[in-house]
There are 2 protein chains.
Amino acid sequence: MTTVRTPAAARGRIDKRRAILDAAFTVFSRAGYGQACVKEIAAEAGVAKPTVYNHLTDKATLFREAMAAAAESALAADLAALEPLHEPVGGTGDGVGGDVPAALTRVARELLRRHATAEAWALRRLLHAELTQFPDLLDTVRGDGTRRLGEALADRFARLMLAGRLRAADPAVAAEQFLALLDGPLEARSAMGTRRLRKADLDALADAAVETFLRAFGPES
Amino acid sequence: MTTVRTPAAARGRIDKRRAILDAAFTVFSRAGYGQACVKEIAAEAGVAKPTVYNHLTDKATLFREAMAAAAESALAADLAALEPLHEPVGGTGDGVGGDVPAALTRVARELLRRHATAEAWALRRLLHAELTQFPDLLDTVRGDGTRRLGEALADRFARLMLAGRLRAADPAVAAEQFLALLDGPLEARSAMGTRRLRKADLDALADAAVETFLRAFGPES
DNA sequence: GCTAGCTTGAACCCATGAGTTCAAATATCT
DNA sequence: AGATATTTGAACTCATGGGTTCAAGCTAGC
């Protein structure tokens, strides 16, 4: 039964924990779960091996916690990218600036920029990779990640459809397809994240996605 | 210096080799590269462990060959699914049956059915997973796989655009986006291949993709 | 300055699994 | 049938790596 932690001591521990989780994600990204060894993670975190086991009981829980942390920060960034689609308050205000295509373009470019990140690719890869060994990652990472992004986007689209700024349709499908139009070509062009794209190429990809999306979901002529 | 193989002996060897590669893909799918052990692969193939090393020198080459074989058969299946988009010969014949939407729907449904397969998901997962450890998989699997599918599809689209059956646009982009509209929502709905979808759901997904695609790329009104 | 808990490094235990060796069995070709 | 090549099972080697232990060193709080 340890005594209640004093703030300072607790903060020291917390910092170490974060350092370990960050290092873990880095090493797992580099080597995959199977090939990554805890010793290397400890070294990357600048910490002794027993310290790692002191904070995280297992290699498995270490992996889970690292993935959860990475997913959480990725989700926050993605949700922030949706900002331009938020109507301020009244309804007909200048929320989307009266210009839906422009707002969509800003969102698309920002999302693509996020998803082209090395960390984003690492997260996707590890999720794909260890899904069979860690089925619970689907809920941890995806449930609090991609799914919530889709729902938030669908919410925005629903408002725009109701306001006649987009054609009336199933907003969930529209959101799904919008994200697909962004991420699919990104995966193809960037060779699954192994090739770095220039910003201009990313923007062109985003613009192409928005153009196709608006042809399909723009307001009825 | 082994003598030239007589057909019968060669066939026996070839059969064993295929059995080993199939078993390898099965086990790798189930466990991932790191966690899969060669002993288990040998057992799955109904073969002794030294036999495996007799045919494939390494665990690594075993993996590469198994992936290449799986990718090749997946590609063949995908290309076959594009059949309905082939104009027979003359130009204005009944190749697409005069009905582009119907042909696209058939292609979309068939492609989606293929991509929802357990083997297709396993291939995608393993590719994602071990890409950092086996960078050459990109050329082996992807170069002879997804990329060629995209190119073949772009070829079909180019013909249709030229014939005025689709709006004139960059056929490569159209192909990329068509595939994205299929695979993106599939990934979302099937929870990255962990949830099995009913055929009706798959068809609905395909139809939604085709509808959006045609709104964006259908012939100008 | 003293106590308590955290950290450290190094050594250690132990399971797993890649890859090999070898003699016996088996199938194939001539 | 006889020569040749392959397969088999079992034992073996060896490196790797997860996880633990322990004594010594730090740091924070009293």
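The chains referred to below are lettered A, B, ... by the order of the sequence lines, with proteins before strands, and numbering in each begins at 1.
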Rounded to the nearest angstrom, tell me the gap between atom CD1 in B:Ile20 and atom P in D:dT6.
13 Å
Each nucleotide N or O in nucleotides 15-20 of chain C that has a protein N or O under 3.5 Å away: list the pair and distance.
{"unit_1": "C:dA18", "atom_1": "OP1", "unit_2": "B:Ala36", "atom_2": "O", "d": "3.0"}
{"unit_1": "C:dA18", "atom_1": "OP1", "unit_2": "B:Lys59", "atom_2": "NZ", "d": "3.1"}
{"unit_1": "C:dA18", "atom_1": "OP2", "unit_2": "B:Val38", "atom_2": "N", "d": "2.9"}
{"unit_1": "C:dG19", "atom_1": "OP1", "unit_2": "B:Asp58", "atom_2": "OD1", "d": "3.2"}
{"unit_1": "C:dG19", "atom_1": "OP2", "unit_2": "B:Tyr53", "atom_2": "OH", "d": "3.3"}
{"unit_1": "C:dG19", "atom_1": "OP2", "unit_2": "B:Lys59", "atom_2": "N", "d": "3.0"}
{"unit_1": "C:dG19", "atom_1": "N7", "unit_2": "B:Lys49", "atom_2": "NZ", "d": "2.9"}
{"unit_1": "C:dG19", "atom_1": "O6", "unit_2": "B:Lys49", "atom_2": "NZ", "d": "2.6"}

B:Asp136/B:Arg64 salt bridge by N-O under 4.0 Å criterion:
yes
Over how many whole Å does the gap from A:Asn54 atom CG to C:dA4 atom P extend?
19 Å
Heavy atoms only: give me the nearest A:Pro171-A:Met161 pair and the separation to one decimal.
CA-CE, 4.0 Å
Donor on one side chain, acceptor on other, A:Thr212 and B:Gln177, under 3.5 Å:
yes
side-chain N/O B:His55 vs D:dT7 OP1/OP2, d < 4.0 Å
yes
May I ask you to check if B:Lys59 and B:Tyr33 form a cation-pi contact, with NZ or CZ under 6.0 angstrom from the six-membered ring centre and within 45° of the axis?
yes
Looking at A:Thr51, does any N or O in its side chain come under 4.0 Å of the phosphate oxygens OP1/OP2 on C:dT8?
yes
So that I know where these two stand, are A:Phe178 and A:Phe157 an aromatic pair - ring centroids less than 6.0 Å apart?
yes
Taking B:Arg113 first and then B:Asp203, would you say they form a salt bridge - that is, a charged N and a carboxylate O separated by under 4.0 Å?
no
